K.L.:
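Can you read through this structure? Questions will come right after.
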There are 2 protein chains.
Amino acid sequence: MLSKKTKYGLKALTYMAKKESKKPVLISEIAEEENISKKFLEIILLQLKNSGFLGSKKGKGGGYYLIREPEKITVASLIRVLEGPIAMLPCVSLNFYEKCDDCKNEETCSLSKLMIEVRDSTLKILENKSLADLTNSTMSL
Amino acid sequence: MLSKKTKYGLKALTYMAKKESKKPVLISEIAEEENISKKFLEIILLQLKNSGFLGSKKGKGGGYYLIREPEKITVASLIRVLEGPIAMLPCVSLNFYEKCDDCKNEETCSLSKLMIEVRDSTLKILENKSLADLTNSTMSL
DNA sequence: TAATAGTCTAGTTAATTAGTAGGTTTTTAA
DNA sequence: TTAAAAACCTACTAATTAACTAGACTATTA
């Protein structure tokens with residue numbers, strides 16, 4: 001399951017991507033429109049800024065804005081920043097690999113092959129879906 | 001990510017399914033072979049018993065045994081019992097559905113369609129993979 | 001220079017995870 | 001019939017994470 005942080009982050013970015021104008025968007029506006037705690041959203045957007053997805057401007061007329069084009073931002077990359085691993089087990093994660101301390105040898109582990117299969121089918125979707133895809137509600141399945 | 005409980009449970013059941021004889025298997029044997037804390041494994045196997053996957057026998061010569069044939073037990077059903085929802089969001093879970101309290105309407109939620117897609121591709125794998133599939137290490141991908 | 005709006009520090013509360021300790025009950029075999 | 005075996009039950013615990021909250025600080029702009 002995705003944490004609320006990840007969910008809120010994705011919703012906030014989608015909200016920003018939907019806006020035509022390039023003007024900075026207020027945290028408070030997003031918080032209100034998407035029913036997210038403003039203080040919590042502050043933390044999330046700051047993290048997305050520090051990860052290179054967002055830029056910000058302080059003071060009046062300030063806010064957050066997308067640095068890259070929505071088409072160039074995959075959902076997979078956002079989940080990795082907000083949530084961490086996408087795989088179901090650390091030992092089959094591509095970006096957050098961790099060795100199993102209980103497995104005798106990973107090659108013969110009964111679970112790892114299955115979990116690699118699940119990981120790949122999930123990545124096939126998430127790597128090919130961009131923020132731009134989230135903005136149009138008539139997204140093809 | 002799957003919890004260790006789920007991972008241990010799947011590994012323990014796989015270990016049991018691998019055995020040819022129908023004789024009960026000791027918790028302590030599984031714990032030792034799979035490097036799982038025995039006390040923790042007790043809890044897990046008891047839960048699998050209460051969920052109808054395992055039977056047990058007390059006393060000497062006792063232990064746990066599979067009630068159904070490994071071919072008839074899907075990995076999806078095991079994960080649901082041990083872990084809970086397979087979906088990435090409660091609002092797209094088939095077996096553990098929960099309404100989003102922040103979404104204005106679920107139909108137009110940008111995330112839900114994507115998460116349904118991920119859910120379905122994961123289920124396609126996990127519903128069609130049985131305990132028996134986990135026992136042969138030459139499982140086809 | 002005052003209002004605006006992001007940033008930083010430092011918490012809190014509740015839930016979950018991953019166990020541990022130790023005793024009880026049931027069954028089997030000597 | 002009794003002792004050992006092995007599951008079962010009750011009740012903790014420690015560590016981590018999730019989901020926030022409060023309040024002060026800093027930069028910008030009208």
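Because the structure is predicted, anything quoted here is derived from the model rather than measured. Residue numbering restarts at 1 for every chain, and letters A, B, ... go by the order of the sequence lines.
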K.L.:
Find the distance K4(B):NZ to dT20(C):P and express it as a whole number of Å.
P.N.:
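Rounded to whole Å, this separation is 11 Å.
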
K.L.:
Could you check K58(B) against K49(A) and say which one's nearest nucleotide on DNA chain C is further toward the 5' end?
P.N.:
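Between the two, 5'-proximity favours K49(A).
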
K.L.:
With respect to the side chain of S3(B), which nucleotide from dA5(C), dA18(C), dA29(C) is positioned closest?
P.N.:
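For the S3(B) side chain, the nearest candidate turns out to be dA18(C).
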
K.L.:
Base, sugar-phosphate or nothing for L45(B)? Non-hydrogen atoms, less than 4.0 Å.
P.N.:
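L45(B): no heavy atom of the nucleic acid under 4.0 Å.
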
K.L.:
Which of these nucleotides, dA29(C), dC20(D), dA18(C), is closest to any side-chain atom of K60(B)?
P.N.:
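Of dA29(C), dC20(D), dA18(C), dA29(C) is nearest to the side chain of K60(B).
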
K.L.:
Can you check the M1(A) CE to dA15(C) P distance for me, whole Å?
P.N.:
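Interatomic distance, CE of M1(A) to P of dA15(C): 16 Å.
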
K.L.:
Would you say dT20(C) has OP1 or OP2 under 4.0 Å from some side-chain N or O of S37(B)?
P.N.:
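The answer is yes; a side-chain N or O of S37(B) sits under 4.0 Å from OP1 or OP2.
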
K.L.:
E83(B) and S3(B): side-chain donor and acceptor closer than 3.5 Å?
P.N.:
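Per modelled atom types, E83(B) and S3(B) side chains form a pair under 3.5 Å.
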
K.L.:
Measure from CG on L46(B) to P on dT25(C) and round the result to the nearest Å.
P.N.:
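So the two atoms are 16 Å apart, to the nearest Å.
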
K.L.:
How close do L82(B) and K5(B) get, heavy atom to heavy atom, and via which atoms?
P.N.:
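So the minimum-distance heavy-atom pair works out to O-CE, 3.5 Å.
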
K.L.:
Take the protein atom NZ of K7(A) and the nucleotide atom C1' of dA18(D), then report the distance between them rounded to whole Å.
P.N.:
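After rounding, the reported distance stands at 14 Å.
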
K.L.:
How long is the line joining CD of Q47(B) and P of dG19(C), in whole Å?
P.N.:
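In whole Å, dG19(C) P lies 15 Å from Q47(B) CD.
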
K.L.:
Is K39(A) side chain donor-acceptor paired with the dG23(D) base, going by distance under 3.5 Å alone?
P.N.:
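For K39(A), whose side chain was compared with the base of dG23(D), there is a donor-acceptor pair (under 3.5 Å).
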
K.L.:
Whole angstrom is fine here: how far is it from NZ in K38(A) over to P in dA22(D)?
P.N.:
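Interatomic distance, NZ of K38(A) to P of dA22(D): 12 Å.
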
K.L.:
How about CD on E32(B), more than 12 heavy atoms from neighbouring residues, nucleotides or ligands closer than 6.0 Å, or not?
P.N.:
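For E32(B), atom CD is not crowded (no more than 12 foreign heavy atoms under 6.0 Å).
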
K.L.:
Could you check how far CD of E42(A) sits from P of dT26(D), rounded to whole Å?
P.N.:
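So the two atoms are 16 Å apart, to the nearest Å.
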
K.L.:
Quick check on DNA chain D: between S56(B) and Y8(A), whose nearest nucleotide comes earlier from the 5' end?
P.N.:
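The answer here is S56(B).
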
K.L.:
Distance check: side-chain N/O of K5(B) vs OP1/OP2 of dT16(C), anything under 4.0 Å?
P.N.:
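No.
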
K.L.:
Please test T135(A) against K18(A) for side chain to side chain donor-acceptor pair (under 3.5 Å), starting from the C-alpha separation and ending with a verdict.
P.N.:
CA-CA 6 Å; T135(A) 60; K18(A) 261 181 189 151; over 6 Å; no

K.L.:
Which sits closer to the 5' end of DNA chain D, I27(B) or I43(A), going by the nucleotide each is nearest to?
P.N.:
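The residue closer to the strand's 5' end, by nearest nucleotide, is I27(B).
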
K.L.:
Please give, in whole Å, the distance from dA18(C) P to L2(B) CG?
P.N.:
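One finds 10 Å between P of dA18(C) and CG of L2(B), rounded.
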
K.L.:
Is M1(A) linked to L126(B) within one hydrophobic cluster, defined over Ile, Leu, Val, Met, Phe, Trp and Tyr using a side-chain heavy-atom separation of less than 4.5 Å?
P.N.:
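No, no single cluster joins them.
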
